[in-house]
Protein chains: 2
Amino acid sequence: MTTTPTGDQALIKRINTAIVLETILRGAPLSRAAISERSGLNKATVSSLVQDLIDGSLVREIGTGASSGGRKPVMLEFIADAGHAVGIDLGVNYIRGVLTDLRGTVVAERTLPLKRLEPEPVTGELFRCIDSLISDAPPSAYGIAGIGVGVPGLVDEAGSVLFAPNLKWRGVPLRRLLDGRYGLPVTIDNEANAGALGEQIFGAGRRIDNLVYVSVGIGIGTGLILHKKLYKGASGFSGEMGHLSVNAFGEPCSCGNRGCWEMYASERALLEKASALGYEELEALLAAAEAGREDVLGLLEEIGEFLGIGIANIVNVFNPDAVVIGNRMSMARPWIETSLRRTVVQRTLGFHLRNVQLLFAELGERSAMLGAAQMAIAGFFDRLKASTS
Amino acid sequence: MTTTPTGDQALIKRINTAIVLETILRGAPLSRAAISERSGLNKATVSSLVQDLIDGSLVREIGTGASSGGRKPVMLEFIADAGHAVGIDLGVNYIRGVLTDLRGTVVAERTLPLKRLEPEPVTGELFRCIDSLISDAPPSAYGIAGIGVGVPGLVDEAGSVLFAPNLKWRGVPLRRLLDGRYGLPVTIDNEANAGALGEQIFGAGRRIDNLVYVSVGIGIGTGLILHKKLYKGASGFSGEMGHLSVNAFGEPCSCGNRGCWEMYASERALLEKASALGYEELEALLAAAEAGREDVLGLLEEIGEFLGIGIANIVNVFNPDAVVIGNRMSMARPWIETSLRRTVVQRTLGFHLRNVQLLFAELGERSAMLGAAQMAIAGFFDRLKASTS
DNA sequence: TTAGTTTGTCTATCCAATAAACTAAGTTTC
DNA sequence: GAAACTTAGTTTATTGGATAGACAAACTAA
């Protein structure tokens with residue numbers, strides 16, 4: 001049975017309440033009259049819906065504003081600390097956690113290293129990190145609104161980590177574990193998807209409707225935001241563009257394909273070549289680049305070119321408004337940007353190139369963590385909209 | 001100003017009218033009581049909305065149905081010939097046109113060859129084709145509901161053909177030309193997008209939410225249907241996957257990139273190799289394959305492999321429910337399918353492979369034409385929904 | 001003080017969906 | 001074949017939103 005949700009008066013009210021809340025979120029501080037004008041809703045309707053939002057502890061009056069020759073307006077604002085969200089970036093050798101308010105403003109932050117990668121010790125550390133963040137949350141009307149987690153692997157709709165090669169995880173029911181312990185709404189997603197969201201809301205991709213976030217770390221992951229929404233494939237995971245083959249006749253990859261992009265353009269690929277020059281870590285390599293070492297500069301220029309090859313493919317396929325390069329490799333921006341841009345320009349169809357922006361992550365290593373918090377916040381608002389106010 | 005459409009009673013009525021119409025479209029013949037049960041709408045509401053649809057010539061009563069111990073139900077059906085749609089596939093050396101009813105059932109069909117490719121002679125032929133199809137339309141309540149056209153090139157939001165390499169067109173304002181002549185709603189889109197829609201509604205991809213249609217002809221185009229909707233990139237065109245590089249170090253392509261997929265796997269690529277064997281046309285080549293010529297079979301097997309290389313990339317990136325191979329190369333199915341499937345299996349990530357179907361177009365060369373008609377039909381229903389009933 | 005302006009609320013009205021009663025038109029049972 | 005039961009579709013009264021317009025409150029300008 002395909003029972004489409006039918007339209008009734010409650011639906012109208014939910015829609016209009018969402019419009020009012022959205023208007024306040026975007027333009028606060030704002031008066032009722034201004035909301036009415038901007039939204040097209042009747043003044044009386046706005047008054048009534050605002051009262052509901054005030055009763056629901058989501059909006060408050062913050063005194064009067066300036067008058068232009070009449071009664072002074074009563075200004076309204078969203079109560080950002082009506083609740084808090086936990087965002088986690090579960091990395092390969094670290095856990096980065098953040099507590100934010102409902103606007104995404106950071107309230108507390110914790111980073112801790114991971115020594116062991118097995119699910120049990122990692123979840124133990126994860127629990128302690130979350131416990132600590134939750135204990136930092138001031139009391140509020142809605143408490144902890146949700147927990148979002150970005151993980152370096154494939155995640156299914158049930159929030160289980162199907163496969164995380166660098167953690168060597170298979171089938172870890174992360175959402176169930178967290179839900180069982182905290183009894184809170186939990187969202188689990190790929191690290192690149194979380195990063196894409198983070199950059200779209202708080203970083204380089206603010207207000208860009210279609211963007212591709214390319215997370216260049218040990219491997220290469222991608223998060224797609226199409227029509228303002230995260231795109232996930234048929235079974236909930238897509239964007240494995242690290243395994244897009246850029247050389248069909250190249251070396252075999254562990255994934256079964258040949259000549260995968262991440263074999264040429266990832267941090268791992270860079271470090272493999274760098275070890276011949278005597279560098280074992282990205283940080284050391286970049287320090288050498290900073291010092292002007294010619295061989296290192298050549299290596300980085302080459303990596304920029306390989307990144308550009310894959311990004312040109314991405315632009316040709318998706319024709320996005322922007323491509324954002326994130327994760328650890330974004331630190332190498334000064335030394336890869338020139339060759340990267342040159343390659344993309346050379347290899348991209350003219351019509352696409354005309355409109356695409358090439359950006360680097362503004363949030364650096366915090367993209368995924370802040371994006372994960374945003375996933376939790378978005379879930380909170382979605383549930384709000386769905387409930388019969 | 002971002003004036004979100006606000007919710008009011010008219011919106012409810014539009015939503016519920018759409019639900020009722022959809023229910024009838026899916027399950028006709030159907031009684032009012034059955035609609036009420038399936039949709040969850042109250043019987044009285046259904047009665048009232050059905051009356052509106054009857055008044056609007058979209059639904060009619062077709063006598064009583066069987067009773068199971070009570071009053072006999074009055075059966076309803078959608079009036080498929082309340083209007084008609086014109087669908088055009090504008091090819092490189094042909095125009096294929098169809099007149100369908102609002103269900104997409106073919107009423108009349110016309111194919112004509114194109115000798116000259118300049119915009120003026122082509123539009124002349126196009127007008128004559130459309131004139132003739134329109135004259136075939138029986139009188140109806142809504143008349144010609146719209147015209148849809150699929151073209152082999154990039155199309156912008158205004159319905160202008162920005163660039164069609166094989167027609168050598170640049171900046172032809174096709175929608176404006178057709179709109180000016182017929183005063184009807186006109187939809188212009190890429191041939192691959194039209195084909196994707198055609199196969200999703202009428203062909204191999206029926207009821208599949210996420211599919212990639214790969215149109216393998218002279219070049220390779222792709223149409224993406226994500227979440228049941230055609231995906232177009234930021235500026236209205238995407239899916240130039242023919243120019244996805246599968247060999248970053250391969251031969252330069254006219255597009256500026258190197259080793260583009262369509263240099264290896266298109267009809268043109270096949271025919272270039274085939275000419276060494278003495279074949280100049282795909283049909284002749286396939287006849288030779290039918291006759292068991294070993295060299296030709298080897299050539300086709302190779303093309304299958306190259307197609308598989310690109311499709312594996314597509315599957316890794318989009319993780320769709322299905323990939324549909326269409327256009328002229330679908331005729332070669334018997335000789336390319338084995339190597340194609342083998343290559344895709346070898347080169348695709350296990351998690352994605354598990355769920356993806358590999359299909360061949362069921363509509364053959366008619367995909368794009370029927371998809372174009374569907375674009376016009378969809379436009380008609382969208383306008384219906386938008387109008388304050 | 002007076003006139004004009006802006007904000008926000010109140011009131012009467014409209015409109016779509018709904019539940020429940022009702023009419024219509026059948027079938028089943030004995 | 002009459003009574004009992006079933007199902008289809010309509011009518012009626014009610015509910016709960018949004019709205020226009022009147023209005024009161026609170027301000028500015030002069």
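Chain naming here is simple, since letters A, B, ... match the order of the sequence lines and numbering starts at 1 in each.
Put simply, CG on A:Asp8 is 10 Å from C1' on D:dG16, counting in whole angstrom units. Nucleotide D:dT15 holds its C1' atom 12 Å from the CD1 atom of B:Ile12, rounded to whole Å. Atoms CD (A:Gln51) and C1' (D:dG17) sit 17 Å apart, rounded to a whole Å. In this entry the distance linking NZ of B:Lys43 with C1' of D:dT12 reads 14 Å, nearest Å. At whole-Å resolution of the value, CG in B:Leu49 and P in D:dT10 are 12 Å apart. In this structure, CZ of A:Arg32 is placed 20 Å from P of D:dA24, rounded to the nearest angstrom. Going from atom CD1 of B:Ile15 over to atom P of D:dG17 covers 15 Å, rounded to whole Å. Atoms CG (B:Leu11) and P (D:dT19) sit 11 Å apart, rounded to a whole Å.
Scanning atom types as modelled, one donor and one acceptor separated by under 3.5 angstrom connect the side chain of B:Asn42 and the base of C:dA19. Between the base of D:dG17 and the side chain of A:Lys13 there is no donor-acceptor pair shorter than 3.5 Å. Judged by distance alone, with hydrogens and angles left aside, B:Arg71 brings no side-chain donor or acceptor close enough to the base of C:dA25 to form a pair under 3.5 Å.
When both pairing distances are held under 3.5 Å, D:dA30 makes a Watson-Crick or G-U pair with C:dT1.
Classification of the B:Phe380-B:Tyr142 ring pair by plane angle, with boundaries at 30° and 60°, yields perpendicular.
Within the 3.5 Å criterion, the main-chain N or O of B:Ile208 finds no donor-acceptor partner in the side chain of B:Asp321. Formation of a donor-acceptor pair under 3.5 Å by the A:Arg206 side chain with backbone atoms of A:Phe202 is found in this model. Looking only at distances, no side-chain donor or acceptor of A:Tyr213 sits under 3.5 Å from a matching main-chain atom of A:Ala194. In this structure a side-chain-to-backbone donor-acceptor pair under 3.5 Å is present from B:Glu199 to B:Ala204.
Residue A:Gly70 is the one, among A:Gly70 and A:Ala34, whose nearest nucleotide of DNA chain C lies closer to the 5' end (criterion: closest heavy atom). Mapping A:Lys72 and A:Gln9 onto DNA chain D by nearest heavy atom places A:Gln9 closer to the 5' end of the strand.
For A:Asn16, a side-chain nitrogen or oxygen approaches OP1 or OP2 of D:dA18 to under 4.0 Å. Distances shown here put a side-chain N or O of A:Thr45 below 4.0 Å from the OP1 or OP2 atom of D:dT19.
At a non-hydrogen distance threshold of 4.0 Å, B:Ser68 from residues 56-68 of chain B come into contact with DNA chain D.
Ring centroids of B:Phe318 and A:Phe318 are separated by less than 6.0 Å, placing the two rings close together.
Within 6.0 Å of CZ in A:Arg176 there are 12 or fewer heavy atoms belonging to other residues, nucleotides or ligands.
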Name the atoms and distances for all side-chain donor-acceptor pairs under 3.5 Å in residues 71-88 of chain B, with sequence neighbours left out.
unit_1  : atom_1 : unit_2  : atom_2 : d
B:Glu77 : OE2    : B:Arg60 : NE     : 3.1
B:Glu77 : OE2    : B:Arg60 : NH2    : 3.3

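Residue contacts for B:Ala33: at a heavy-atom cut-off of 4.0 Å it reaches the sugar-phosphate backbone alone, with no base atom in range. Residue-level contact check: A:Ser31 touches the backbone only, with heavy atoms under 4.0 Å from sugar-phosphate atoms and none from bases. At the heavy-atom level, B:Val46 lies nowhere under 4.0 Å from the strands shown.
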